[in-house]
Structure formats: C-alpha cells, structure tokens
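Worksheet: the structure to be examined is printed underneath.
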Amino acid sequence: MTDVTAIRACVFDAYGTLLNVHAPVARHAARLGSGAQMLSQTWRTKQLEYSWVRALSDRYRDFWALTEQALDYAMALHGVADPALRQDLLDAYRQLDAYPEVPDTLEALRAAGLTVAILSNGSPAMLSSAVRAADIESLLDATISVDELQIYKPHPRVYALAARRLGFTAEQIGFVSSNAWDVFGAHSFGFRTFWVNRTRQPAEYLAPERLDVIDDLAALPSRLGIA
C-alpha cells in the first residue's frame, strides 16, 4: 500500500479516469441499437492500441487523429455506415461527461493544499475542450499533454514531464488512473500510484499487494488522509 505522507501533488489520467469515454456512445445509443456497448468498447480499445503502435514505431500522430481512426475502425467492424452519426459521436467526444464524484474530489484535494493536475495522451485542444465541458477547469493547477514530447504513455519520459512541470520529485506525486497499464508505467517511474478499478477487474502488471486500489475517486481523499 502507498505511504501518502510525502504526497504533495495528485496527477490524474483524464480519459477513463476523470472523464467517461463511453458517454458519447451512450448519448446516441438509440441510434446504434443493441451493438452500442460493443462499438464503444471497440472504439476505446483501438484508440489505446493505436497510441501504443504509434509510440513503438516512432510515428506520432496526435490523439485526436487516433480517436477518429479508432471510431472509423469500430464503425466498420460493427457495420455502422452513418456519416452524420460519426460526426455526432466525435462532437460528443469533445465534451465528455466527468464522473459524478470528480468535482468534489478535486475540490477536497485542492482544499487540502495539494497541487492537482492532469497528465494525458490527449492533445491540448482535446483536453482544453474536455475540461471546460466537464466544468473542472478551475479545479486544476495544470493540464499536461504528451503532445509536446510526441510520445505516449506509458513511456517514462511522459511521467518525467509531469514531475518536471510540477516541480516535485516522483515520490511526492500521487498518480491516479483507471488504466492498469498506466498505473504500471507510473509506478515503474516512481510515482505513488492509485488504480481506480471501477469495473472490478482482476489485477494485472503489478502484484495485488503492490496495488493501491479504489473503487472510484470519492475514496481518494480518505486514502490520502484528508478528512
């Protein structure tokens, strides 16, 4: 479990951790019918897969381009040929819903004197639109994109960028993500990590005894010793 006494900053993954990546399809589920959930899952899976392939092949394209490509693949795989729906889904992705507990959690951390930031694969334009739409912009001290490095998480350079930008050592940063691979990357770099396991997935990458697991972000302040 994590020793929280030295934590001075909380850094959050954005997509899937603060922001619900399945909200766009949920908004248009009636137009997709029974295949809506599978399409949404494929879209998300391919979005991440494309980021890893781009990183490993050293052929960077920003996350919005990958988001579009992943949706095109998902629609083709599931037999959805509807240009208007494609545009509506992409428009919705620019304005994702925050999970319900996010504002109160971020407010509690800021009130306790912690620096609060996002570290995301998202492009700067994507992130700017998303945090405004979710009404959490005022609750963040920094929003950091991998775009300036042109490499995706979980490359250690990305986590080093957050530490450098915020001015803290790795041990002073608590990193929070719903993605187990992201938690592994951050943990390997030296951050004190928290895995948001909303869907009760089995542990992977790290042994269970090395994981600090929370069901949702509402549990984070108490895990950090904040009343």
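Side chains are part of it too, since the values below use all heavy atoms of this structure and drop only hydrogens, waters and symmetry mates. Owing to the predicted nature of the structure, the values given are computational and were not obtained by experimental measurement.
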Is the backbone of Val53 close enough, under 3.5 Å, to the side chain of Ser57 for a donor and an acceptor to pair up by distance?
yes
Please check if atom CD in Gln37 has more than 12 non-hydrogen atoms from other residues, nucleotides or ligands closer than 6.0 Å.
no
Which residue is it: Tyr50, Tyr15, Tyr73, Tyr93? I am looking for the one with a ring-ring contact (aromatic ring centres under 6.0 Å, His included) to Trp43.
Tyr93
For the pair Phe184 and Glu204, evaluate side chain to side chain contact (heavy atoms under 4.5 Å, CB included) and give the outcome as yes or no after the intermediate values.
CA-CA 9 Å; Phe184 175 74; Glu204 56 180 335; over 6 Å; no
I'd like to check Asp135 versus Pro103 (side-chain heavy atoms, cut-off strictly below 4.5 Å). Are they in contact?
no
I need the minimum non-hydrogen distance between Ala219 and Ser222, along with the two atoms involved.
O-OG, 3.0 Å
Gly185 to Tyr159 - nearest heavy-atom pair and separation:
C-CE1, 3.5 Å
Which residue, Asp147, Ile151, Leu66, Leu149, forms the side chain to side chain contact (heavy atoms under 4.5 Å, CB included) with Tyr60?
Asp147
Spacing of CZ belonging to Arg164 relative to CD1 belonging to Ile144, to within rounding of 0.5 Å:
9.5 Å
For a quick test of reading the model, state the closest non-hydrogen atom pair linking Thr193 to Ala186 and the distance between them.
CG2-CB, 3.7 Å
Would you call Lys46 and Glu49 a salt bridge, using N to O less than 4.0 angstrom?
yes
Determine whether a donor-acceptor pair (N or O, by modelled atom type, separation under 3.5 Å) exists between the side chain of Arg223 and the backbone of Val213.
yes
Strictly distance-based, threshold 3.5 Å: is any side-chain N or O of Ser120 a donor or acceptor partner for the main-chain N or O of Ser145?
no
Just how far is it from atom CG of Leu19 to atom CG of Asp13, taken to the nearest 0.5 Å?
8.5 Å
With a 3.5 Å distance limit and no angle check, can you tell me whether Arg192 reaches the backbone of Ile173 through a side-chain donor-acceptor pair?
no
Quick one: are Leu217 and Leu18 in side-chain contact, heavy atoms under 4.5 Å?
yes
Can you tell if the side chain of Phe12 reaches within under 4.5 Å of the side chain of Leu220, non-hydrogen atoms only?
yes
Between Ala84 and Arg31 the two heavy atoms that sit nearest each other are C-NH2, 3.9 Å
4.5 Å side-chain heavy-atom contact, Thr105 and Asp216:
no
Can you measure from OG (Ser34) to NE2 (His78) and round to the nearest 0.5 angstrom?
11.0 Å
Is it the case that atom CG in Asp141 sees more than 12 heavy atoms from other parts of the structure closer than 6.0 Å?
yes
Would the distance check show the side chain of Gln172 and the main-chain N or O of Arg8 forming a donor-acceptor pair, the cut-off being under 3.5 Å?
no
Distance-only donor-acceptor check, side chains Asp91 and Gln87, under 3.5 Å:
yes
Could you report the tightest heavy-atom contact between Ala134 and Leu96, atom names first, then the distance?
CB-O, 4.0 Å
If you measure only the distance, is there a donor-acceptor pair under 3.5 Å linking the side chains of Ser128 and Arg132?
yes
Is the ring pair Tyr152/Phe63 parallel, tilted or perpendicular, if the boundaries are 30 and 60 degrees?
tilted
Counting only N and O atoms by type, is there a donor-acceptor contact under 3.5 Å from the side chain of Asn179 to the main-chain atoms of Trp181?
no
For side chain to side chain contact (heavy atoms under 4.5 Å, CB included), just list the numbers for Cys10 and Leu224, CA-CA rounded to whole Å, side-chain angles, deciding distance to a tenth of an Å, and then say yes or no.
CA-CA 10 Å; Cys10 277; Leu224 291 169; 3.5 Å; yes
Taking atom types as modelled, is there a side-chain donor on Arg44 or Gln47 under 3.5 Å from an acceptor on the other?
yes
Working note: Val131 + Ile136, criterion side chain to side chain contact (heavy atoms under 4.5 Å, CB included); need CA distance, chi angles, decisive distance, verdict.
CA-CA 5 Å; Val131 299; Ile136 59 173; 4.0 Å; yes
Starting from the C-alpha separation in whole Å, work towards a yes-or-no answer on side chain to side chain contact (heavy atoms under 4.5 Å, CB included) for Val146 and His155.
CA-CA 10 Å; Val146 304; His155 197 286; over 6 Å; no
Shortest non-hydrogen pair, Leu127 vs Ala14, comes out as CD2-CB, 4.0 Å
Thr42 side chain to Met38 backbone, donor-acceptor under 3.5 Å:
yes
Atom CZ in Arg94, atom CG in Leu89: separation rounded to 0.5 Å?
11.5 Å
First locate atom CZ of Phe191, then atom CG of Leu119, and finally report the distance between them rounded to the nearest 0.5 Å.
7.0 Å
Nearest 0.5 angstrom please: Asp182 CG to Asn121 CG, how far?
7.5 Å
With a 4.5 Å limit on heavy-atom distance, are the side chains of Tyr205 and His187 in contact?
no
Can you tell me if Trp195 uses its side chain to pair, donor with acceptor, with the backbone of Ser178 under 3.5 Å?
yes
SB check Asp97 Arg27 (cutoff 4.0 Å):
yes
